[in-house]
Amino acid sequence: MSQDLPPRLDPRSIEPARYRGWQEGGYFHVPASAVLEDGREPYVIVIPPPNVTAALHMGHGLNNTVQDVLIRWRRMQGRATLWVPGTDHAGIATQNVVERQLAAEGLHRDDVGREKFVERVWGFVTETGGTILDQLKAIGASCDWERTRFTLDDELRRAVREVFVTLYEQGLIYRGEYIINWCPRCLTALSNEEAESEETPGTLWHLRYPLGEEAWAAAEAARDAGAEAIGRLDDGTWYLTVSTTRPETMLGDTGVAVHPGDERYEGLVGASVHLPLARRPIPIVADHHVDPDFGSGMVKVTPAHDKNDFEIAGRTGLELVDVLTPDARMSDAVPEAFRGLDRFEAREAVLEALEDAGLLAGTDEHTHSVPHCYRCGTVVEPRLSEQWFVSMKPLAEPALQASKDGTVTFTPVHWQRVYEHWMENIQDWCISRQLWWGHRIPVWYCECGQVIVAREDPTACTECGSEALEQDPDVLDTWFSSQLWPFSVFGWPEETDDLKAFYPGHTMVTAPEILFFWVARMIMMGYHFRGEAPFADVYLHGTVRDIRGRKMSKSLGNGIDPLRVVEEFGADAMRFTIVSQCAIGTDISMDHEDVEATFAAGRNFANKIWNAGRFALMSVGDEPVRSLDEIRGDLAAEDRWVLSRVARAAEQATNGLERFRLHEVAEGLYHHFWGEICDWYLEVVKSRLADAAEPASREAARATLVTVLDHALRLLHPIVPFVTAELWARLPSSDGDERAGDLIVAPWPSGTDGWLDEDAEADFGAFQSLVAETRRLRKEYGVGEGQRVTIHVHGGPDDFLAGLSKRSAALEQLARVDAVESGSGVGVGANAVLPNGAELFLPLEGVIDVERERSRMAAEIEKLEGLLTGVRARLANEQFVNNAPDEVVRKARENAAQLEEQSSKLREKLARLAA
RNA sequence: GGUCGCUUAGCUCAGCUGGUAGAGCGCCACGUUCACAUCGUGGAUGUCGCAGGUUCGAGUCCUGCAGCGACCACCA
């Protein structure tokens with residue numbers, strides 16, 4: 001059966017079928033009873049749910065490969081292993097997609113109305129949503145698909161309601177009018193996390209605000225005391241200077257603030273300022289927030305459009321004037337000339353008007369960070385608005401503690417501090433969104449003024465009995481439902497068996513970008529509603545970047561489609577490539593312009609596994625092999641060596657997986673398999689596997705080879721599941737040791753410590769260096785591959801030479817040595833000293849044409865010397881050294897040094913040949 | 001502005017608690033005898049960012065400097 005394996009691995013012909021086999025075998029599914037009744041230890045990962053409309057990209061490839069590696073490993077360890085898949089409804093993102101579709105038809109969401117719009121989104125999501133989960137199957141993700149969840153499932157709606165209402169009842173959710181981040185394009189409030197700041201070079205404009213006459217005397221005194229912000233216009237009016245990066249908001253100024261201790265402006269507090277353009281009087285107030293040392297020490301206060309100003313207003317009683325409409329145009333609160341202007345047009349218009357009035361004092365270059373909507377990139381506007389908030393401080397406490405006492409760990413550990421810093425400075429969370437797609441806020445308003453917050457939709461007012469209830473039009477931030485994911489997927493608030501069995505989970509694998517959006521909030525919710533953290537370890541992997549270090553993205557066109565990679569090179573190749581780059585704390589870089597080069601390592605390795613397996617299967621045949629215990633006495637040194645290496649590989653892999661050092665695991669196993677099993681063991685053991693070989697030795701070799709391959713395939717399976725499973729299924733069984741049905745549930749290698757054999761390792765290591773030195777000498781003296789040689793060995797450990805005689809076949813195979821003789825050897829030849837002290841002599845008389853080799857070398861030396869003489873002559877020429885460009889002289893010197901070295905090496909070689 | 005990180009072979013990066021510099025890809029040469037040319041064998045290439053310090057010994061620890069980056073906050 002193994003004979004029909006093709007010499008080249010064709011992933012397409014094995015991967016899909018193998019995956020189907022796993023699914024049909026039910027290997028991905030684990031029932032709660034496995035934990036609750038059978039007492040198996042669970043291992044649970046909940047997937048970071050991709051956006052329901054997303055298409056698989058390399059970021060998902062990375063994220064899910066890592067999860068699958070961990071899942072497969074734990075499953076093999078015998079844990080009741082569960083990976084829960086699902087998707088996120090992704091409020092803004094999904095709504096934007098459908099709105100764009102509507103726009104293509106010339107429609108706006110208002111044209112179709114809320115109900116129809118939501119229907120349409122559902123249609124879209126039902127039709128195209130979830131394809132990403134199918135795409136995950138192509139990369140081998142062993143999720144329990146029977147448990148697939150969607151954040152808008154009825155079950156999860158119930159969880160959201162329960163959490164909202166409970167938090168409300170506990171006073172942790174409240175509604176109020178505050179400055180929030182507003183996206184004028186998405187027309188919704190955003191959380192602080194959703195407003196991404198970006199360093200932007202901009203301008204700081206200095207504006208002059210005329211003072212009321214009653215303040216002129218104080219102004220003059222302030223000016224005389226050195227207050228540069230105070231001045232006098234041509235018409236004699238006294239003014240003060242304030243600065244802003246958003247001049248259009250000056251129309252909404254309702255005051256000017258100074259620091260209460262600022263002596264310069266003491267007499268001005270309480271005075272009035274004539275707000276230009278708006279032609280309103282506004283007062284000067286004192287507030288601690290103002291930094292007297294920054295700028296003029298005077299701040300214009302725009303309470304409806306700035307968070308700090310809003311707080312100043314709250315303390316000083318300044319009015320609130322909202323000068324912007326939701327889509328960021330100037331509102332009716334401003335003079336007619338500006339009404340309806342877009343905020344940026346208004347900026348120009350305001351500046352022009354101020355300039356005309358002689359009230360623009362000047363400008364400065366000013367780089368500051370400007371918040372942008374994380375979904376559409378529009379500049380976010382701080383805006384006064386009535387929204388729902390979660391009071392975070394009380395929730396953060398246990399979640400912070402969990403990090404500090406190690407209940408929850410972070411890898412890389414660096415993120416622990418970032419997490420803690422954020423938790424310590426946590427701010428309330430604005431959770432209402434002015435969208436239609438999402439979890440509707442479970443709050444109803446009655447005309448009598450009653451506010452009803454309820455788990456079930458109410459039919460009548462609890463106060464007046466009226467049935468005319470209006471539900472709050474807003475929906476919740478997407479992350480409000482995502483944060484419940486670790487328990488909502490198990491049916492919470494029902495106390496289900498799943499919940500009992502699988503909560504808390506174990507590992508959270510995700511990207512650092514959503515540490516605050518999601519991870520932190522899951523931990524808080526876990527503590528608040530379940531009394532414990534939803535997972536013990538947070539593994540934060542890097543970002544997938546292109547060769548120039550740019551994040552892969554659709555808009556940059558620098559992405560690599562994982563499905564294309566699977567199609568061309570196989571899922572194993574992609575997984576191995578990803579995992580081998582997965583060093584802790586580093587990003588993954590891939591060249592989108594040379595996809596083949598990027599995945600070559602993985603593809604080649606998968607093919608190597610395939611061929612090594614193919615060869616081993618052919619050599620071993622179908623007959624069952626003995627157990628190792630049975631043939632222990634017949635084991636050759638190389639058998640004991642390779643088993644010892646297997647034991648080390650297993651230990652190293654387990655250790656690496658436990659610490660999320662996936663890159664080390666991949667690299668270690670790669671070397672073990674390719675560098676030890678393929679390059680050495682298979683080559684050494686070839687002759688013993690031949691039909692003509694001595695039977696006891698052959699049986700020992702067969703048993704060892706099957707054991708080694710069995711273990712190697714198990715160790716590699718989490719990373720490259722397909723090719724390993726394909727081969728493993730074909731391994732002959734060993735007597736009295738029935739294999740599990742499929743590699744996916746074969747036991748993870750452990751307890752191989754008994755195979756460690758330092759003597760065997762030292763002994764085989766000496767043999768390896770002998771082979772390596774022999775090969776090197778052959779190459780160096782041009783002894784062709786077809787030419788058999790005799791080598792002489794003497795010195796070194798006593799049994800070294802004796803051991804070699806048993807390996808004549810291996811020496812023949814590895815180094816084309818047909819005889820080993822003891823003693824130092826005589827005549828013309830090459831020699832080398834091995835690390836163990838033994839001396840190796842390779843006679844060359846009669847092997848190569850020594851005279852010809854000598855004259856070839858001599859000729860080469862002559863040629864080098866000729867070149868060297870030329871270069872030296874040039875360097876000796878002062879004119880050349882003085883006049884030629886430095887670069888040229890430097891190169892000549894380097895060249896000379898190089899030639900000298902080459903020539904002296906060759907002379908040495910010639911001398912040895914002569915000896 | 002605060003915090004943290006990075007700087008090692010042409011490229012992408014490993015190097016845990018200090019002990020003779022590593023991998024993959026790429027490059028050069030040779031090789032198809034029976035697992036694999038998606039292969040084998042051999043080879044070349046590094047003042048481990050710069051400057052000091054601790055040490056018998058520093059890529060690894062300390063200090064300073066330079067360059068790059070991340071996260072957070074934000075003063076108008």
Side-chain angles (χ1 to χ4, degrees), chain A residues 2 5-9 192-193 197 204-207 242-246 249-250 253 256-257 289-302 306-309 312 366 368-369 371 412 414-415 417-419 421-422 425 427 512-513 515-516 542-543 545 547 549 569-570 573 577 580-581 583-591 594 596-619 655-656 659 661 663-664 666-668 670-671 674-675 678-679 682-683 686 690 771-772 775-780 782 784-786 813-816:
Chain A
S2 12
L5 297 181
R8 184 172 290 195
L9 172 63
N192 295 337
E193 291 70 37
S197 56
L204 184 62
W205 284 274
H206 307 297
L207 316 180
V242 291
S243 306
T244 182
T245 53
R246 298 185 295 153
T249 64
M250 64 81 64
D253 284 5
V256 169
H289 173 261
V290 181
D291 178 357
D293 298 325
F294 185 88
S296 65
M298 298 187 116
V299 183
K300 62 192 272 301
V301 185
T302 322
D306 183 280
K307 203 173 156 216
N308 289 314
D309 291 3
I312 292 175
H366 183 71
H368 59 142
S369 51
H414 149 249
W415 290 105
R417 266 168 284 172
V418 177
Y419 169 89
H421 181 259
W422 189 75
N425 298 285
Q427 303 201 345
E513 292 101 88
L515 184 61
F516 306 139
T543 306
R545 298 181 182 281
I547 204 106
F569 308 108
T577 301
S580 64
Q581 281 202 59
I584 286 177
T586 65
D587 289 337
I588 306 281
S589 69
M590 295 179 170
D591 186 351
D594 194 347
E596 162 142 19
T598 299
F599 295 97
R603 178 200 56 185
N604 295 354
F605 185 44
N607 191 59
K608 187 71 178 180
I609 296 171
W610 177 252
N611 270 295
R614 196 167 73 97
F615 168 69
L617 291 172
M618 283 192 296
S619 311
N655 204 298
R659 298 181 302 147
R661 304 181 78 94
H663 144 88
E664 283 175 24
E667 212 158 85
Y670 178 94
H671 275 113
W674 201 317
C678 294
D679 290 348
L682 283 182
E683 297 299 337
K686 262 178 186 170
V771 170
R775 282 170 173 170
R776 197 179 60 73
L777 291 178
R778 290 184 64 119
K779 288 277 181 191
E780 194 173 343
E785 297 260 332
Q813 178 75 27
L814 291 163
R816 311 277 164 230

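Because the structure is predicted, anything quoted here is derived from the model rather than measured. Numbers restart at 1 for each chain; the letters A, B, ... are given by sequence-line order, proteins then strands.
For the ring-ring contact (aromatic ring centres under 6.0 Å, His included) test, no residue two or more places apart in sequence or in another chain qualifies with A:H671. Among residues two or more places apart in sequence or in another chain, the salt bridge (Lys or Arg N to Asp or Glu O under 4.0 Å) test is passed with A:K608 by none. Applying the ring-ring contact (aromatic ring centres under 6.0 Å, His included) criterion to A:W422, with sequence neighbours excluded, gives A:F516. A:R661 pairs by the side-chain hydrogen bond (donor to acceptor under 3.5 Å, both in side chains) definition with A:E664, not counting sequence neighbours. Shown here are the side-chain hydrogen bond (donor to acceptor under 3.5 Å, both in side chains) partners of A:R603, two or more places apart in sequence or in another chain: A:E596. The ring-ring contact (aromatic ring centres under 6.0 Å, His included) search around A:Y670 returns A:F576, A:F605, A:W674, not counting sequence neighbours. The ring-ring contact (aromatic ring centres under 6.0 Å, His included) check on A:H289 picks up nothing, with sequence neighbours excluded. In this structure, A:T577 has no side-chain hydrogen bond (donor to acceptor under 3.5 Å, both in side chains) partners at least two apart in sequence or on a different chain. A:D679 pairs by the salt bridge (Lys or Arg N to Asp or Glu O under 4.0 Å) definition with nothing, not counting sequence neighbours.
A stem is defined here as three or more consecutive Watson-Crick or G-U pairs, each with both distances under 3.5 Å; for RNA chain B these stems are B:1-7 with B:66-72, B:10-13 with B:22-25, B:27-31 with B:39-43, B:49-53 with B:61-65.
Between the P atoms of B:G53 and B:U41, the separation comes to 46 Å (whole Å). Rounded to a whole angstrom, the distance from the P atom of B:C6 to that of B:C61 is 9 Å. As rounded to the nearest Å, B:G18 and B:U55 have C1' atoms that lie 9 Å from one another. Nucleotides B:C28 and B:A9 are separated by 15 Å at their C1' atoms, to the nearest Å.
Within the nucleic acid shown, A:H206 has no heavy atom closer than 4.0 Å to any nucleic acid atom. Among the heavy atoms of the strands, none lies under 4.0 Å from A:S580.
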| field | Annotated protein contacts, base or backbone, on nucleotides 2-9 of chain B with a non-hydrogen cut-off under 4.0 Å, one of B, S, - each | value | --S-----

| request: Sugar-phosphate atoms are those with a prime plus P, OP1 and OP2; base atoms are the rest. Using that split, label each nucleotide of nucleotides 35-41 of chain B B, S or - for protein heavy atoms under 4.0 Å, 5' to 3'. | output: BB-BSSB

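The side chain of A:H366 places an N or O atom within less than 4.0 Å of a non-bridging phosphate oxygen (OP1 or OP2) of B:A76.
Closest approach to the A:F294 side chain among B:A76, B:G24, B:C71 is made by B:A76 (side chain taken as heavy atoms from C-beta onward).
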